[in-house]
Amino acid sequence: MEFRQLEYFIAVVETGSISAASRKVHIAQPALTRQMRLLEDNIGTQLLDRHARGIRLTVAGEALYSEATRMLDKRADIKARLLALGSGQTGKLSLGVTVTHLWVTEVAKLMGSYRARYPQVALDVFPLLSGPQLEKLQLGNLDVGIIYHDDHTPSGIEARLLHHDSLILAVPVSSPWSKTPPKKLAELAEAEFVWGYRSISPVYYDRVVAHFSRLNFEPRVVQYGADNITILSMVAAGLGVAIVPAASRCHPMTGIDFIELDELTACDMPLWLAWRAGNVSPVLDNFIQMAAEIFA
């Protein structure tokens with residue numbers, strides 16, 4: 001029993017005759033009659049009572065008609081779902097983003113535009129620092145991440161450069177630096193700094209420290225925070241000053257003034273889109289393509 005024969009059978013039932021059905025499905029009447037005979041032979045029972053004015057369904061024919069319509073509808077539904085999955089129209093995508101970059105205009109636009117273009121894809125967003133993102137990507141627990149890393153792509157990871165970020169000084173609005181901004185990092189030699197832990201984002205940390213080393217500058221750290229948002233909240237509370245990604249300015253946080261210094265702007269902090277090598281996923285391919293369009 002073939003789907004084609006079921007389509008022919010339904011056409012015969014709904015038109016009421018072999019001749020009318022042959023015109024509807026564009027097949028010669030003798031060929032259609034033969035297909036109906038083959039269908040009956042295959043099933044092993046009569047489906048149609050032929051008479052001068054057309055056909056009448058047998059009890060078995062009525063049962064087959066009901067089942068055939070459901071089968072063809074189910075087939076169409078399966079084909080549609082498989083097509084949607086194969087083209088990335090449906091499915092699931094897990095995205096890692098540092099909390100700082102959740103507020104960046106292009107990142108927000110990327111998430112919003114992807115959701116608008118692919119509303120049937122479940123987009124799960126996880127606020128994670130670059131280090132934990134890389135671990136989850138390598139383990140296959142995350143589909144794609146927006147991270148800091150150097151030019152050497154980690155083993156098992158593919159990446160595409162999205163954006164060149166830099167660094168910026170964050171000070172409490174009550175700080176004297178807010179009213180008289182420094183021009184050089186050397187002026188901050190005695191300032192109390194809030195800093196982050198290397199373990200949570202080694203590439204970012206090492207890149208910043210290497211830049212400071214070239215400038216012969218070492219911050220006097222008195223407080224530590226788990227991530228940039230925590231660090232900024234400590235700055236806002238007056239616990240010290242901090243050097244953070246320039247993208248931090250996008251975060252709506254009161255009590256802080258951001259100060260640009262040429263020495264910090266010169267520090268290139270490349271932002272990458274990263275995913276696990278070999279992750280064959282249409283929804284991921286669509287996301288990568290859209291990221292390239294938005295960050296172009």
Side-chain angles (χ1 to χ4, degrees), residues 97-101 103-104 128-135 145-155 157 159 161-251 253 255-272 274 295:
V97 189
T98 68
V99 177
T100 297
H101 292 101
W103 300 93
V104 172
L128 295 167
L129 292 172
S130 299
Q133 282 192 58
L134 276 175
E135 292 177 6
I146 296 177
I147 65 172
Y148 288 118
H149 81 79
D150 54 27
D151 296 334
H152 303 288
T153 305
S155 175
I157 297 296
L161 181 63
L162 292 180
H163 174 67
H164 288 280
D165 200 1
S166 59
L167 299 174
I168 198 166
L169 175 66
V171 303
V173 293
S174 58
S175 166
W177 299 117
S178 180
K179 300 177 178 60
T180 309
K183 303 296 183 183
K184 296 282 187 179
L185 285 175
E187 298 176 50
L188 301 169
E190 299 302 318
E192 296 184 340
F193 274 84
V194 183
W195 211 245
Y197 299 104
R198 182 184 185 278
S199 59
I200 57 178
S201 191
V203 171
Y204 171 83
Y205 185 99
D206 290 348
R207 201 175 186 93
V208 173
V209 169
H211 182 70
F212 287 170
S213 179
R214 289 190 292 271
L215 297 172
N216 197 29
F217 175 73
E218 184 175 352
R220 188 166 71 89
V221 179
V222 297
Q223 300 281 342
Y224 285 89
D227 55 41
N228 282 327
I229 298 304
T230 303
I231 290 171
L232 288 173
S233 68
M234 296 168 76
V235 172
L239 301 184
V241 302
I243 291 172
V244 294
S248 301
R249 286 179 295 187
C250 299
H251 193 283
M253 183 174 289
I256 294 176
D257 278 336
F258 291 102
I259 301 171
E260 291 186 357
L261 277 73
D262 290 342
E263 291 173 331
L264 295 180
T265 303
C267 182
D268 182 28
M269 303 297 295
L271 192 65
W272 297 77
F295 279 89

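One distance of note links OG of Ser166 with CD of Glu260; it measures 7.0 Å at 0.5 Å rounding. If you take NE2 on His163 and CZ on Phe295, they are separated by 7.5 Å, rounding to the nearest 0.5 Å. How far OG of Ser213 is from CG of Asp206: 11.5 Å, rounded to the nearest 0.5 Å. To the nearest 0.5 angstrom, Ser130 atom OG is 11.5 Å from Glu135 atom CD. Leu129 contributes atom CG, which lies 14.5 Å from atom OH of Tyr205 (distance to the nearest 0.5 angstrom). Residue Ile243 holds its CD1 atom at 8.0 Å from CG of Leu261, rounded to the nearest 0.5 Å.
Residues Leu264 and Leu169 are in side-chain contact: their nearest non-hydrogen atoms beyond the backbone lie under 4.5 Å apart. Two residues are said to be in side-chain contact when any heavy atoms from C-beta on lie closer than 4.5 Å; Pro219 and Leu188 fail this criterion. Contact check for Ile147 versus Thr98: no side-chain heavy atoms found under the 4.5 Å cut-off. Counting heavy atoms from C-beta outward, Leu167 and Val208 have side chains that approach closer than 4.5 Å. Annotation: side chain of Val209 is not in contact with side chain of Arg207 (no heavy-atom distance under 4.5 Å). Side-chain contact between Ile259 and Ile168 is absent, with no heavy atoms from C-beta onward closer than 4.5 Å. Contact annotation: the side chain of Phe193 never approaches that of Ile231 to less than 4.5 Å [non-hydrogen atoms, C-beta and beyond]. Looking only at side-chain heavy atoms (C-beta outward), Leu271 and His164 stay at 4.5 Å or farther from each other.
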>> With side-chain contact (heavy atoms from CB on, under 4.5 Å) as the criterion, how do Leu232 and Ile256 come out once you've worked through the C-alpha distance, each side chain's angles and the decisive distance to 0.1 Å?
In response: CA-CA 8 Å; Leu232 288 173; Ile256 294 176; 3.8 Å; yes
>> Evaluate Met253 against Ile229 for side-chain contact (heavy atoms from CB on, under 4.5 Å), listing each step before the verdict.
In response: CA-CA 9 Å; Met253 183 174 289; Ile229 298 304; 4.2 Å; yes
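Closest heavy-atom contact between Asp165 and Ala246: OD1-CB, 3.3 Å. Minimum interatomic distance between Pro202 and Gly131 (heavy atoms only, all atoms of both residues): CD-CA, 4.4 Å. Between Ala191 and Trp177, the shortest heavy-atom contact is CB-NE1, 4.3 Å. When all heavy atoms are compared, the tightest approach of Ala159 to Trp272 is CB-CE3, 3.7 Å. Looking at every heavy atom in both residues, Ala247 comes nearest to Val104 through CB-CG2, 3.6 Å.
Counting only distance, with no hydrogens or angles, the side chain of Gln133 and the backbone of Ile146 share a donor-acceptor pair below 3.5 Å. Side-chain N or O atoms of Ser248 include none that pairs as donor or acceptor with a backbone N or O of Val244 at under 3.5 Å.
Among residues two or more places apart in sequence or in another chain, the side chain to side chain contact (heavy atoms under 4.5 Å, CB included) test is passed with Gln223 by Val194, Met234, Leu239. By the side-chain hydrogen bond (donor to acceptor under 3.5 Å, both in side chains) test, Trp103 is found to be paired with His251, residues two or more places apart in sequence or in another chain being considered. With sequence neighbours left out, the side chain to side chain contact (heavy atoms under 4.5 Å, CB included) criterion links His211 to Arg214, Leu215, Ala266, Cys267. Under the side-chain hydrogen bond (donor to acceptor under 3.5 Å, both in side chains) criterion, Arg220 pairs with no residue at all, not counting sequence neighbours. With sequence neighbours left out, the side-chain hydrogen bond (donor to acceptor under 3.5 Å, both in side chains) criterion links Thr230 to Asp227. By the ring-ring contact (aromatic ring centres under 6.0 Å, His included) test, Phe212 is found to be paired with Trp195, Phe217, residues two or more places apart in sequence or in another chain being considered.
Checked against a 6.0 Å centroid threshold, the rings of His101 and Tyr148 count as neighbours.
Ion pairing between Glu263 and Lys183 fails under the 4.0 Å rule for side-chain N and carboxylate O.
More than 12 heavy-atom neighbours from other residues, nucleotides or ligands sit within 6.0 angstrom of CD on Glu187.
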